[in-house]
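Taking it in order: structure first as structure tokens, then the write-up.
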Amino acid sequence: MLERAGLSLLHRMDPERAHGLALRALQMGFGPKPGPITSPRLECSFAGLSLPNPLGLAAGFDKNAVAVDALSAAGFGFIEVGAATPQPQPGNPRPRMFRLPEDGAVINRFGFNNDGVDAIAGRLAARKGSGVVGLNLGANKDSDDKAADFAAVLRRAGPHVDFATVNVSSPNTEKLRDLQGAEALSALLNGVMEARQGNTRIFLKIAPDLTEAELADIAKVAQDTGIDGIVATNTTLSRAGLQNQHAQEAGGLSGAPVFERSTQVLRDLWTLTGGTVPLMGVGGIASGKQAHAKIRAGASAVQLYTALGYHGLSLVGTILDELERLLAADGFVSVVEAVGADHR
């Protein structure tokens, strides 16, 4: 009841201001604290990382790592913060975030607004919890060498996280998506791998708006460079079928409209890689049924963000409860058995 009342109040505010207030509330100790939700059926691993459950928090919710411990205690199997860039930057002018409630979606054009990697790395180093935490790597808008920015962020913050995600798929930084081309991507990922210290896992986050040929190139580069996993997908530039008045705002669209396309990308990547590269499914998850679908399509773990703005953090437990029931109905003793089941 308290959560519903809080969400009702927040939904009357500008969405970016509401999000900031939600983060401050978490910092102050409000919000659910069940700890990582787990069971023998939900326990799994992703790229060698042991997880209590396969449901993670996607990057963007806690850009500056200000509520890491609170979010780690909210039921997730893992969380991802950022994106972080080498230098602090304010991002794009406001307003830059728009709710589309009729569509179960959000459009944002933040532009990697963040406090910079030094501040974020300091907060990550000071976290008290022991949960699995990752960092989304970004590039500064005015950088002359965006590829080098990713490696610089990893060198600074890598020792304080379990995984790092190379984000070349945000539509809100000019020319960033150009780095998804085979030659540029190969050079970028090799540079990031060289900057890796210790056993930090390296993932690549891709856009849902890729052609079949582009997706095939990415799958090959991922295998050739030896990265640890692919995150599919980021936001889309498509506006097909939207009803809300903000539908034509510039930026990346997330939420329910992305579900089908992002899940198809998972299926395609599984086929292209023969199931040899761990895949993380992101895009439009708001139920256990949708998490279940992504896992069967090939995801070893999944993430959500947009749906939390509409349903609150109690959604984490709801999704995991439904997912466990669906896995049991399938006859799977472990979620690991369900990964890629649609391909068998």
Side-chain angles (χ1 to χ4, degrees), residues 2-3 6-7 10 15-38 42 44 46 49-84 97 106 108 110 113-115 117 119-138 157 160-165 167 200-201 203 205 231 254-255 280-283 285-286 291 301-321 323:
L2 285 172
E3 184 178 60
L7 286 169
L10 291 173
E16 186 170 354
R17 180 168 179 262
H19 188 82
L21 288 173
L23 281 173
R24 282 200 287 276
L26 286 168
Q27 288 176 279
M28 294 169 64
F30 296 100
K33 303 180 185 68
I37 296 169
T38 192
L42 293 175
C44 59
F46 186 81
L49 297 170
S50 295
L51 305 176
N53 69 66
L55 181 63
L57 176 66
F61 189 94
D62 187 3
K63 290 177 178 291
N64 292 307
V66 298
V68 175
D69 288 326
L71 288 166
S72 294
F76 295 104
F78 61 102
I79 69 170
E80 183 176 350
V81 301
M97 183 179 186
V106 165
N108 90 80
F110 284 119
N113 57 310
N114 72 105
D115 293 342
V117 70
I120 292 170
R123 292 172 193 140
L124 289 167
R127 65 186 172 103
K128 298 180 178 67
S130 58
V132 173
V133 176
L135 176 64
N136 197 272
L137 311 180
H160 310 302
V161 293
D162 301 292
F163 67 89
T165 303
N167 184 357
T200 305
R201 275 62 167 190
F203 306 147
K205 190 167 189 175
V231 182
S254 62
M280 189 177 296
V282 194
I285 294 176
V302 296
Q303 291 178 314
L304 80 163
Y305 171 5
T306 299
L308 297 175
Y310 289 111
H311 303 289
L313 282 169
S314 64
L315 183 63
V316 176
T318 301
I319 288 175
L320 289 170
D321 180 66
L323 175 60

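Fair warning: this is a prediction, and the values are worked out from it, not measured in the lab.
Nearest heavy-atom pair, Asp162 versus Gly131, reported as atom, atom and distance to 0.1 Å: OD2-O, 3.7 Å. Gly77 and Val132 get closest at one heavy-atom pair: O-CB, 4.3 Å. Here the closest non-hydrogen pair linking Leu135 and Ala157 is CD2-CB, 3.4 Å. Taking each heavy atom of Pro52 and Thr38 in turn, the nearest pair found is O-OG1, 2.7 Å. Here the closest non-hydrogen pair linking Leu124 and His160 is CB-CB, 3.9 Å.
Qualifying side chain to side chain contact (heavy atoms under 4.5 Å, CB included) partners for Asn108, counting only residues two or more places apart in sequence or in other chains: Phe110, Asn172, Thr235. Residues forming a side chain to side chain donor-acceptor pair (under 3.5 Å) with Thr200 (at least two apart in sequence, or on another chain): none. Applying the side chain to side chain contact (heavy atoms under 4.5 Å, CB included) criterion to Ala73, with sequence neighbours excluded, gives no partner residue. Annotation: side chain to side chain contact (heavy atoms under 4.5 Å, CB included) contacts of Ser50 (sequence neighbours excluded): none. By the side chain to side chain donor-acceptor pair (under 3.5 Å) test, Asn53 is found to be paired with no residue, residues two or more places apart in sequence or in another chain being considered. Not counting sequence neighbours, the partners of Ala286 by the side chain to side chain contact (heavy atoms under 4.5 Å, CB included) test are Gln290, Ala307. Listed by chain and number, the residues in a ring pair (Phe, Tyr, Trp, His ring centres under 6.0 Å) with Phe203 are Phe46, Phe163 (sequence neighbours excluded).
For the pair Glu80 (side chain) and Gly56 (backbone), a donor-acceptor distance under 3.5 Å is absent.
Residues Leu323 and Pro54 have side chains in contact (heavy-atom distance under 4.5 Å, counting atoms from C-beta outward). Side-chain contact between Ile319 and Val302 is absent, with no heavy atoms from C-beta onward closer than 4.5 Å. Side-chain contact check for Thr165 versus Met280: every heavy-atom pair is 4.5 Å or farther apart. Under the 4.5 Å side-chain criterion, counting only non-hydrogen atoms from C-beta, Leu42 is in contact with Leu320. Two residues are said to be in side-chain contact when any heavy atoms from C-beta on lie closer than 4.5 Å; Tyr305 and Val282 fail this criterion.
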Using distance only, find each side-chain donor-acceptor pair of residues 61-72 under 3.5 Å and give its atom names and separation, not counting sequence neighbours.
unit_1 : atom_1 : unit_2 : atom_2 : d
Asp62  : OD1    : Ala65  : N      : 3.1
Asp62  : OD1    : Val66  : N      : 3.0
Asp62  : OD2    : Val66  : N      : 3.3
Asp62  : OD2    : Ala67  : N      : 2.9
Asn64  : OD1    : Asp115 : N      : 2.7
Asp69  : OD1    : Lys128 : N      : 3.2
Asp69  : OD1    : Gly129 : N      : 2.9
Asp69  : OD2    : Lys128 : N      : 3.0
Ser72  : OG     : Val68  : O      : 2.9

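The structure places CZ of Arg201 at 4.5 Å from CG of Leu49, a figure rounded to the nearest 0.5 Å. Between Phe78 atom CZ and Leu55 atom CG the span is 7.5 Å, to the nearest 0.5 Å. Taking CG from Leu2 and CG from Leu7, the interatomic distance works out to 11.0 Å, rounded to the nearest 0.5 Å.
A 6.0 Å sphere centred on CZ of Phe30 holds no more than 12 heavy atoms belonging to other residues, nucleotides or ligands.
Legend: salt bridge (Lys or Arg N to Asp or Glu O under 4.0 Å) pairs involving residues 16-25, not counting sequence neighbours, sorted by first then second residue: Glu16-Arg94, Glu16-Arg96.
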